[in-house]
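All values below were derived from every heavy atom in this structure, side-chain atoms included, with hydrogens, water molecules and symmetry-related copies excluded. Since we're looking at a predicted model, the values are computed, not measured. Note that the numbering runs from 1 along the sequence shown for the chain.
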Amino acid sequence: MIVMNKNKSAEALRLRAEEHLKENTQEVLPPVGTTELQRLVHELEVHQIELEMQNEELQQTRQQLEKHLSEYTELYDFAPVGYCTLNNHGLILQANLSLVSMLGVERSRLVNQHFVHFVSDDSRLAFISIIEKAFQNEGQENPVFELKKNGGRKFYARMAIRLSEDVLNCRIALLDITAQILVEQKLQLSERNFRTLFETMPQGVLLMDVEGKITAVNPSAASILGLSIDEILKKQLKDTGWRFINEDGTDFPRENHPSLVALRTGKTIKDVVMGLIPSSEHSDCVWLLVDAIPQFSVGEDKSLQVFIIFEDITFRKRILVYNTLTQREKEVFRRVVLGMSRTIIAETLKISPKTVDKHKENLMEKLHLYTKKGMVDFSKSIGQT
């Protein structure tokens, strides 16, 4: 097939040469006896034209090759990625200008240096291992190495390492990702700082999505709510069984919960005082000062989740109410906490048992304390027991 193509090419070239000769030669009848000589002259003229045409094609091809070489050289040298070629000893055979700039070494001084000299001490063994695997023609992911510029400044580069077709050299493309690494390190530090703050801050924090599912809980929130973190994470706000109340004791409508308002409006809700009674059964109320901060995806104006940050202000609220109690109510409270029966309290204070019961009922409603343990704990906190 190759021979046939060559023959066709030669025939085409001759035809073109003969046409060119006809166009540039006047037709003259050959003298008698000079036919063979004329034929030889004709052949020489055709061959000369063939050579001239071949030379012209070669000149055009050379110009195209020089143009492509110039374009390739410009692309190679000024690409934003560093390129170099290493032999199997790790010596740099070629390097583009971007790599020269990365390493801070003149190209004439860079060639024939060991590339490993520019790899930081901590990354050298890994780099040598990667290069060895490359020459063994083993597939490689694009590793990241810490390199050092001439003068000692370090930077990070992601490398693509490929074996050449003749398997004598390997080619390396390097992309400086120092800025990306520094951003990632800052993000990791920020994440650690946030996690530390989240885990240790005295305020309770819940993260809730638009469906009302609680997706994150800090230890303070679990302690304030009297549940484990796992117990809270299994719940949705509507399924918690928690009852919320206003400061006057009336029910706090669910749709007015700060977290739902923040999700609905996209606005931060701050300093909402609300009482939380953990279950439908008689439990002691926990008073909370609540902030709700909506969170958005980048470029979105619709909130996808909300941080609920709350402070336990139960003692502060309860002591204010306690200070408004009458002296008789305080005496009944102290005796109830001490475990006296209604009859003994009545005899001691010279009131009827029914009056004792009424005082006790009023105390429970005012203080929102419905358990004996809650009363005892509050009494201890104000130094009465």
Side-chain angles (χ1 to χ4, degrees), residues 202-209 211-264 269-292 306-325 329-330 332-333 336-337 357-382 384-385:
Q203 292 84 6
V205 181
L206 303 177
L207 184 60
M208 189 181 77
D209 64 19
E211 303 298 328
K213 179 175 174 55
I214 299 169
T215 58
V217 185
N218 76 337
S220 293
S223 175
I224 292 170
L225 299 176
L227 297 169
S228 70
I229 291 177
D230 288 339
E231 288 174 327
I232 298 174
L233 288 174
K234 293 177 181 178
K235 298 180 181 294
Q236 286 192 327
L237 184 63
K238 64 182 179 179
D239 301 326
T240 57
W242 298 335
R243 179 188 168 207
F244 298 103
I245 60 173
N246 292 300
E247 293 184 82
D248 61 4
T250 59
D251 284 339
F252 195 110
R254 181 179 179 276
E255 62 271 16
N256 291 344
H257 191 284
S259 62
L260 299 180
V261 175
L263 284 172
R264 188 168 60 247
I269 309 299
K270 296 183 69 67
D271 299 330
V272 177
V273 177
M274 58 194 307
L276 183 151
I277 301 174
S279 68
S280 57
E281 301 176 0
H282 275 322
S283 301
D284 297 325
C285 180
V286 178
W287 288 100
L288 305 174
L289 183 64
V290 182
D291 294 342
V306 60
F307 273 114
I308 308 168
I309 304 173
F310 51 93
E311 179 184 353
D312 186 347
I313 59 170
T314 305
F315 178 77
R316 201 186 316 168
K317 286 283 295 179
R318 200 157 278 154
I319 196 66
L320 289 174
V321 174
Y322 181 83
N323 289 336
T324 65
L325 298 178
E329 287 175 327
K330 290 179 180 179
V332 171
F333 178 77
V336 169
V337 169
D357 290 341
K358 186 61 177 176
H359 278 310
K360 185 176 178 180
E361 182 180 341
N362 288 338
L363 286 168
M364 294 171 69
E365 290 299 324
K366 289 180 178 181
L367 296 172
H368 293 287
L369 285 171
Y370 304 103
T371 66
K372 179 67 177 293
K373 181 180 183 304
M375 290 184 176
V376 172
D377 289 344
F378 177 65
S379 180
K380 288 179 179 178
S381 68
I382 61 177
Q384 288 208 354
T385 55

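Using a 4.5 Å heavy-atom threshold, the side chains of Glu329 and Lys366 count as touching. Between Leu325 and Asn362, the closest side-chain pair of non-hydrogen atoms is not below 4.5 Å. Residues Phe310 and Leu206 have side chains in contact (heavy-atom distance under 4.5 Å, counting atoms from C-beta outward). No side-chain heavy atom of Leu363 sits less than 4.5 Å from a side-chain heavy atom of Val336. Within the 4.5 Å cutoff, no side-chain heavy atoms of Phe315 are placed close to those of Lys317. Counting only heavy atoms from C-beta outward, the side chains of Met208 and Leu260 approach each other to under 4.5 Å.
Under 4.0 Å is where a charged nitrogen must lie from a carboxylate oxygen, and between Glu255 and Arg264 no such pair does.
Here CG of Leu207 is found 10.0 Å from CD1 of Ile214. Values are rounded to the nearest 0.5 Å. Summarising the geometry, atom CG belonging to Leu263 is positioned 10.5 Å from atom NE2 belonging to His257; distances are rounded to the nearest 0.5 Å. A distance of 9.0 Å separates CG in Leu320 from CD1 in Ile313, rounded to the nearest 0.5 Å. The CE atom of Met364 sits 13.0 Å away from the SG atom of Cys285 when rounded to the nearest 0.5 Å. The distance from the CG atom of Asn246 to the CE atom of Met274 is 8.0 Å, given to the nearest 0.5 Å.
Legend: residues meeting side chain to side chain donor-acceptor pair (under 3.5 Å) with Lys330, ordered by chain and number and at least two apart, are absent. Every residue two or more places apart in sequence or in another chain that forms a salt bridge (Lys or Arg N to Asp or Glu O under 4.0 Å) with Lys270 is listed here: Asp291. In this structure Asp357 satisfies the side chain to side chain donor-acceptor pair (under 3.5 Å) test together with Arg342, sequence neighbours excluded. Every residue two or more places apart in sequence or in another chain that forms a side chain to side chain contact (heavy atoms under 4.5 Å, CB included) with Asp312 is listed here: Ile224, Val286, Thr314. Listed by chain and number, the residues in a side chain to side chain donor-acceptor pair (under 3.5 Å) with Asn323 amount to none (sequence neighbours excluded). Residues forming a side chain to side chain contact (heavy atoms under 4.5 Å, CB included) with Glu211 (at least two apart in sequence, or on another chain): Asp209, Gln236. Checked against side chain to side chain contact (heavy atoms under 4.5 Å, CB included), Ser223 has no partners two or more places apart in sequence or in another chain. Taking the ring pair (Phe, Tyr, Trp, His ring centres under 6.0 Å) definition, one finds that Phe252 meets it with nothing, sequence neighbours left out. Here His359 pairs with nothing under the ring pair (Phe, Tyr, Trp, His ring centres under 6.0 Å) rule; sequence neighbours left out. With sequence neighbours excluded, no residue forms a side chain to side chain donor-acceptor pair (under 3.5 Å) with Thr215. With sequence neighbours excluded, the residues that form a ring pair (Phe, Tyr, Trp, His ring centres under 6.0 Å) with Tyr322 are Phe333, Phe378. Listed by chain and number, the residues in a side chain to side chain contact (heavy atoms under 4.5 Å, CB included) with Thr324 are Val321 (sequence neighbours excluded).
In this structure, Ala292 and Pro258 approach most closely via the heavy-atom pair CB-O, 3.3 Å.
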- Message: Test side chain to side chain contact (heavy atoms under 4.5 Å, CB included) on Glu365 and Tyr370; report intermediate values, then the result.
- Response: CA-CA 8 Å; Glu365 290 299 324; Tyr370 304 103; 3.8 Å; yes
- Query: Step by step, would you call Leu369 with Asp377 a side chain to side chain contact (heavy atoms under 4.5 Å, CB included)?
  - Reply: CA-CA 10 Å; Leu369 285 171; Asp377 289 344; over 6 Å; no
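Looking at Asp284, its side chain never comes within 3.5 Å of a backbone N or O of Met375 through a donor-acceptor pair.
By the 6.0 Å contact criterion, NZ on Lys358 is open, its count of non-hydrogen atoms from other residues, nucleotides or ligands being 12 or less.
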